[in-house]
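Read the structure below first, then the notes.
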Protein chains: 2
Amino acid sequence: MTTPAVQVARGGPVTRKDVARYAGVSTAVVSYVVNGGPKKVAPATEAKVQDAIRVLGYRPNAAARALKLGSSETLGLVIPDNSNPFFSQFAHAVEDAAAALGYALVLSNSDGNVAKERRNVRNLAARQVDGVLLASVLFEPDLEVLETADIPAVLLNQERDAPGFNTIGVDLAAGARIAVEHLIGHGHTNIGLAMGTNVSGSLDGREVGWRQALQAAGLPEGPVVYSGFTWPGGYLAGQRLVASVNRPTAIFATSDTQAVGLLRAVHEAGLSIPGEIAVVSFDGSIEAEYSWPPLTTVEQPVAAMAEAAVAALVGATRGEKPQHRIFPTKLNIRQSCGCPWTPSTGVPHGT
Amino acid sequence: MTTPAVQVARGGPVTRKDVARYAGVSTAVVSYVVNGGPKKVAPATEAKVQDAIRVLGYRPNAAARALKLGSSETLGLVIPDNSNPFFSQFAHAVEDAAAALGYALVLSNSDGNVAKERRNVRNLAARQVDGVLLASVLFEPDLEVLETADIPAVLLNQERDAPGFNTIGVDLAAGARIAVEHLIGHGHTNIGLAMGTNVSGSLDGREVGWRQALQAAGLPEGPVVYSGFTWPGGYLAGQRLVASVNRPTAIFATSDTQAVGLLRAVHEAGLSIPGEIAVVSFDGSIEAEYSWPPLTTVEQPVAAMAEAAVAALVGATRGEKPQHRIFPTKLNIRQSCGCPWTPSTGVPHGT
DNA sequence: ATGAAAGCGCTAACAG
DNA sequence: CTGTTAGCGCTTTCAT
């Protein structure tokens, strides 16, 4: 079973032909045993082939296979920034979903840069990936690249419908509403907004939701500051919000990362959270669970979204009519909103 | 120049042969213009070809190219967990370095699982990647997989020398020492350790460094707790450390992620940081900058390491004798250690 | 300056 | 159950 793979010194890499010769069979048979089909092979022959494979250290050449089959069994993912916890978690989930179907994942970052995003998509297309998942920098991604690339694609993180394209997202406005309503439930009447900015200037659903919730409750709009969906962006927003003439008693931040940066600014200002300023954020990434205080956040079902995206490309739902899928969010209540905290069940004592 | 790519309705995808026919040249010429060589092409002919390419919407098939050339212009990266900020930053840096050289990056997570790590490496090998970067779960990675895979590899995050392999890492013990010495400089005499655990049970350089610094100063070893290099791991460690009979006044945590989790536990215990418990951590990832309080941390030069790793595989230093490269760390001083904080230059006022 | 053609390693239809 | 073989799209040598 564990016969060491005796590397037979040869010229180049071992090909299927070498294996065939060594095993005394045809190359077709080798193919059959390697792929488990499409023809059956006699057990004895199969054993011989397996042996040859092991002895020679044969590894099938994926490029040749891809050429023949017209599929590289590879998916491409384009995200703005893998250093951002939300996207890195997303990428991880996509990798899992892809791997479960035997697909590898090529990752590329667009770094918030439209030109780079286009370049990455084109590059992936040239590499014959079987599909690309695009979390665009743009509110309205450049569909033309995708079209001319002529590759199945799914648009991620996308609220808007893009006819002819698979689209996966979350109801941003609805999510924002439950967040803001929760804050209102805590009695806040001056609720600010730390709004992330994209390249495109379009109105983000989270801003819409914040406004809707306020209106529905007959409350005025608190201060708003626009800055990046990043730690420094949130930090900046926090500093501004804290210093605003009409300082809010609660803030809705449009990403966890932003919220964490904002938390730091509020702490630095010497204000207590949630006492003097409560905060609720968006994404539900793990960093929200370990900030101080832990963030109440609107959770996006990342794993489910990743699975659906991959499935639309190469899984069960492949080939179906392009769909616009909206996933539900849920509010993850922790302490930054002002909800009471029940200490966890017993801190272990001793070292 | 911007003639729209009129998609000519055809059967399958456009191949080089179609372009040749359309342009009235041979397929060789198409190759020459696409690759800019190895032969020169008359300007007039080149124009015709470019035209044909645009009109037909031709995209070269990377699989065929890879088969012919024996190189996929792809690198593989295997890390334990892309959801962990340190690794996701690393992955981003690797992607940048690879892209700069025209290589794509296939990402895979081993999820702290040895079997999965092996599977991923094998899978990458089968895909004819031109090199793999492996941040192993193991203290001593399974070199045999790499060897039998017969692919240039570099071991990341690796302190130990592995003869015959390119290895890139940081002097963990030295880094830990500067961290602990800094804490000692603040007057602490009871310094605990929140030590991350790997799959292998070997001694980690960070633990060694912590011990060395203590010994050199003639200080006793504070309490130690072992747990994952993760947020929950750090949280658990924090709870234990805080509750230990001999509660430390300072803690060295072996990763930023761990430290962030630990911070939460300390806050929950109602202890002030750095007043009652000071903390210094390791990695220098961006999350350390936005925790509360911001973490003093030992920074690893991630970008430089990523570049060196990629260069060893497919860049300038390719083909050179395998090297064991150790990068320097530096202490990034913030507030969690007890150093005074100077407010940043003026908080912007108004919304 | 251009073209013809071999062949990279693999799959699967077809023939035995 | 096994073998022969065409051909996937591309690069490049060798001829013209």
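Residue numbers begin at 1 in each chain, while the letters A, B, ... track the order of the sequences.
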Quiz prompt | Any residue meeting side chain to side chain donor-acceptor pair (under 3.5 Å) with B:Asn82, in chain and number order, not counting sequence neighbours | solution = A:Asn82
Exercise. Look at all strands and tell whether A:Ala42 reaches a base, only sugar-phosphate, or nothing, counting heavy atoms closer than 4.0 Å.
Key: sugar-phosphate
Self-check item: Pairing residues for A:Arg16 by the salt bridge (Lys or Arg N to Asp or Glu O under 4.0 Å) criterion, not counting sequence neighbours
Solution: none
Self-check item: With A:Lys48 via salt bridge (Lys or Arg N to Asp or Glu O under 4.0 Å) - residues at least two apart
Solution: none
Self-check item: Outermost nucleotides of DNA chain C that come under 4.0 Å of a non-hydrogen atom of chain B
Solution: C:dA1 to C:dG9
Exercise. Mark yes or no for whether B:Asp111, through its side chain, and B:Asn113, through its backbone, hold a donor-acceptor pair below 3.5 Å.
Key: no
Exercise. Mind listing the residues from residues 63-73 of chain A sitting with a heavy atom below 4.0 Å of DNA chain C? Number order is fine.
Key: A:Ala64, A:Arg65, A:Lys68, A:Leu69
Let me have the donor-acceptor pairs involving side chains of residues 68-77 of chain A, under 3.5 Å, with sequence neighbours excluded, atom names and distances please.
residue : atom : partner  : partner atom : Å
A:Ser71 : OG   : A:Glu73  : N            : 3.2
A:Ser71 : OG   : A:Asp130 : OD1          : 3.2
A:Ser71 : OG   : A:Asp130 : OD2          : 2.9
A:Ser72 : OG   : A:Gln128 : O            : 2.7
A:Thr74 : OG1  : A:Ser72  : O            : 2.9
A:Thr74 : OG1  : B:Arg127 : NH1          : 3.1

Exercise. Find which nucleotide of DNA chain D each of B:Asn61 and A:Val25 is nearest to by heavy atoms, and output the residue with the more 5' nucleotide.
Key: A:Val25
Quiz prompt | Check: A:Thr27 side chain, A:Ala20 main-chain N or O, donor-acceptor pair, under 3.5 Å | solution = no
Quiz item: Can you name the side chain to side chain contact (heavy atoms under 4.5 Å, CB included) partners of A:Ser110, sequence neighbours left out?
Solution: A:Val78, A:Pro80, A:Glu117, A:Asn120, A:Val137
Quiz item: With side chains defined as the heavy atoms from C-beta onward, is the minimum distance between A:Tyr103 and A:Val310 less than 4.5 Å?
Solution: no
Quiz item: If each of A:Ser31 and B:Ala28 is mapped to the nucleotide of DNA chain C with the nearest heavy atom, which maps nearer the 5' terminus, i.e. the 5' end?
Solution: B:Ala28
Quiz item: For the helix from C:dA1-D:dT16 to C:dG16-D:dC1, what angle lies between the axis at the first five pairs and the axis at the last five pairs, to 10 degrees?
Solution: 40°
Quiz item: Does B:Val302 offer a backbone N or O that forms a donor-acceptor pair with the side chain of B:Gln89 under 3.5 Å?
Solution: no
Quiz item: If you walk 5' to 3' along DNA chain D, what is the first nucleotide with an atom under 4.0 Å of a heavy atom in chain A, and what is the last?
Solution: D:dC1 to D:dG9
Quiz item: Under 4.0 angstrom, heavy atoms only, what part of the nucleic acid is A:Thr27 near: base, sugar-phosphate, or nothing?
Solution: base
Quiz item: Pairs in or reaching into residues 314-324 of chain B: which pass salt bridge (Lys or Arg N to Asp or Glu O under 4.0 Å), with residues at least two apart or in two chains?
Solution: none
Quiz item: B:Leu124 pairs by side-chain contact (heavy atoms from CB on, under 4.5 Å) with which of B:Leu134, B:Val129, B:Ile151, B:Leu133?
Solution: B:Val129
Practice problem: Could I get the full list of salt bridge (Lys or Arg N to Asp or Glu O under 4.0 Å) partners for A:Asp96, not counting sequence neighbours? | Solution: B:Lys116
Self-check item: B:Ala304: partners by side chain to side chain contact (heavy atoms under 4.5 Å, CB included), with sequence neighbours left out
Solution: B:Pro301, B:Phe327
